[in-house]
Amino acid sequence: MTRDIHAYLAELEDIPGTRVFTAERARQGYHLNQFAMSLMSEESRVRFTRDERAYLDAWPMSEAQKQAVLDRDYNRCLDLGGNIYFLSKLFATDGISFAEAVSTMTGMDFDSYRKMMAAGGRSPDGQRSIREGR
Amino acid sequence: MTRDIHAYLAELEDIPGTRVFTAERARQGYHLNQFAMSLMSEESRVRFTRDERAYLDAWPMSEAQKQAVLDRDYNRCLDLGGNIYFLSKLFATDGISFAEAVSTMTGMDFDSYRKMMAAGGRSPDGQRSIREGR
Amino acid sequence: MARITAGIASSHVPLLGVASDQGKDRDEYFGPIFAGYDWTRTWMEAERPDVIILVYNDHASAFDMTVIPTFAIGCGERYKPADEGWGPRPVPDVAGHPDLAWHIAQSLILDEFDMTIINEMAVDHGLTVPLSMMFGKPEKWPCKVVPLAVNVVTYPPPSGNRCWALGEAIRKAVESFPEDLNVQIWGTGGMSHQLQGPRAGLINAEWDNSFLDRLAGDSDDLRHIPHIDYLREAGSEGIELVMWLIMRGALGAAAKALHRHYHVPCSNTAIGHMVLRPDNGEGFDMSGSDRQRSATP
Amino acid sequence: MARITAGIASSHVPLLGVASDQGKDRDEYFGPIFAGYDWTRTWMEAERPDVIILVYNDHASAFDMTVIPTFAIGCGERYKPADEGWGPRPVPDVAGHPDLAWHIAQSLILDEFDMTIINEMAVDHGLTVPLSMMFGKPEKWPCKVVPLAVNVVTYPPPSGNRCWALGEAIRKAVESFPEDLNVQIWGTGGMSHQLQGPRAGLINAEWDNSFLDRLAGDSDDLRHIPHIDYLREAGSEGIELVMWLIMRGALGAAAKALHRHYHVPCSNTAIGHMVLRPDNGEGFDMSGSDRQRSATP
Ligand SMILES: [Fe+3]
Ligand SMILES: [Fe+3]
């Protein structure tokens, strides 16, 4: 395992279609993630569901982050520093499953995604490294 | 440094007039210490000062612990699992200094304690080890 | 003297908790998954561990962004199931074993592991799903649990080598606990899965099975797999597998597989499960556990 | 490249904060204590560090019994002074350096230190008193701070050896930070004192001075002092001195003392203070720092 943090972090950006939750993303997404985590009580979920915009405005998030939440655009949430385990509180609030929420990030509809999973999932071939194209 | 936790912990009990804050004490004093720490806001200090007994009764502490707090018997608090840094919130609430609170545990009055400190403090001679009497 | 008598590896997919709680565990979708745990449930009846050291990761439930411990050991009396967004799971509270947990925590710190001691926290699916898989739906869990939460969410997680070494130190700590306890250690999470981005749904059955192959036996080469390999080969959330290495490290130089199960898919994830016995000349015979337990009702 | 240009050791007695805040710092009692820091304040004007890695312990202020991290590194933007029972100290908020802090945190975890990352916490006298001693009463603190909180309250604290090794790893991490930063590391707490029980008031000037002697030079034998020796010789709260070893470890194989101060008593405590320069052939000349700083207002 490499002990040079720069090389270590650079490698993490070399994986196709993947945003690893590094310090950089953790810092950018800090309040987005803290907002999502606030949905861990029924009382918060009710307040959020009643008026999403007002609930979001109580958090020091960027407008882009708020809009990504309102749109349930999970890829955009990830781009803006969201982490999937934090965001899972949001899709649990919506009452949708982990698999369905995840499928929205793949460009597939849920049914096709489910079929892909039932057939053994996405192959790692060609998905390992951007640089090495393998 | 010894790596055997039993020998390590046994040695800690060999110091005259000293209660090291081990797991055993931390567990016994858990709520006593959490109570003391609750005095870190002015609002709590006012409530505590207004009715100490009522404030203490809201905590799952033993009666002995509550009495030791009411008596400001700090040696007894230590015996019951208190830790001095937690308890410092209590004597800060009382408006007395660290040195004065500490002096109450030594059997000296504050003035004599201060004089001892000004003269170079308590000598470690004879205070190092119960077992070895040095 | 306490001793580690077995190690269990298991995925901890939240959907398995839902299936168990809603009684779907024998339907067409979940049946094949749960069936792979039947052997273990029966075996567990004979083993009757007193305590499980349950290695898992918190999924943004007990720990938010304000505090992120690399290794957190639960020394409390009791842990409640977390509300992960759909209400807490309707499973029993988890009883801790503060005596053993504090003993391990203190020993690990003396051994230069920089532990975070936790006395109060909620436990999420990472901890409660494995309990459901191994014990079903009892009124109360049949043993105590020492939670060991590992950060695998914010990068970097601990290295595989560090995890293995932690396991080795846990073994030593357990063996210096004076009370006669039957202790199991479980490593949870994995196997291959990715829950995020266009690459989500990645599964690598070949890599997973090679990992299972290498988990038994007397080699410790798994500890040297770099993080990037987990991510490339087993998906971004496949990194959870480093937690299995804590379990494996705690079994000593050699371990033999008693049971093995692999199934794709469960939700987004490849399910892997393995039961291991330390194989260092101990010659564990757990048939005595039953007698001992039944003597004290 | 960032570099560690100096190490500072200092007691952090809360009463010194009170004396500073109430303007008693030159009275008969406190005058001789503060006078020993005059040299350092003047020297600091020339040094002008950009960031202090400030090793201290939380005294049941940010951390209560629910979470007890062995090593916690502050990666946040800003820290407020804690209310320790008499209201927060009237000193400026402490500005963090998240870029450097996260870099160090990530590097340390790769180096197999099991750090706890903290993004929000209050900082108590352990951190703010040394700032007052070194900088007086500015409108705002003249540099950024990376807080590094070490558990020395609940036993066992980290070993002296582990602390020294952490310092070595911090040095490596700082040197791999690309930005050109003048970084100091401070180790705080101590020297001999005991705040509890009939033995309270213990002071051991001979032992303290021997510790100061051995802090400079090229020996690392201080790292091997067992905890029990601190307790027996320097009082139960003398254990805080292990934090000085993190500072010392970060200076490299050799260090030379630029300034030294020792005074008994302050409240219950022996005050010790030392300014050290790494002495490994770096040949630091800080006269350039002034120029560089004045160019960018
Ligand atoms: Fe997981
Ligand atoms: Fe201190």
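In what follows, chains are A, B, ... by sequence order, proteins preceding strands, each numbered from 1. All values below were derived from every heavy atom in this structure, side-chain atoms included, with hydrogens, water molecules and symmetry-related copies excluded.
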- Query: Can you find a pair of side-chain heavy atoms, one from C/Glu112 and one from D/Pro158, that are under 4.5 Å apart?
  - Reply: no
- Note on the structure: Rounding to 0.5 Å, atoms CG (C/Asp64) and CD (D/Glu120) come to a distance of 7.5 Å
- Heavy-atom side-chain contact between D/Val67 and C/Ile117 under 4.5 Å: no
- Query: Does D/Trp102 reach the side chain of C/Thr154, with side-chain heavy atoms less than 4.5 Å apart?
  - Reply: yes
- Indicate the atoms forming the closest heavy-atom contact of C/Ile109 with D/Pro156, along with that distance. CG2-O, 3.2 Å
- Contacting region of C/Tyr155 [heavy-atom separation from chain D under 4.5 Å]: backbone
- Message: With a 4.5 Å cut-off on side-chain heavy atoms, are C/Thr70 and D/Thr116 touching?
- Response: no
- Query: Which one of D/Ile118, D/Asn119, D/Ile68, D/Asp114 has the most heavy-atom pairs closer than 4.5 Å to chain C?
  - Reply: D/Asp114
- chain C heavy atoms under 4.5 Å from D/Asn151: which part of the residue, side chain, backbone, both or neither? neither
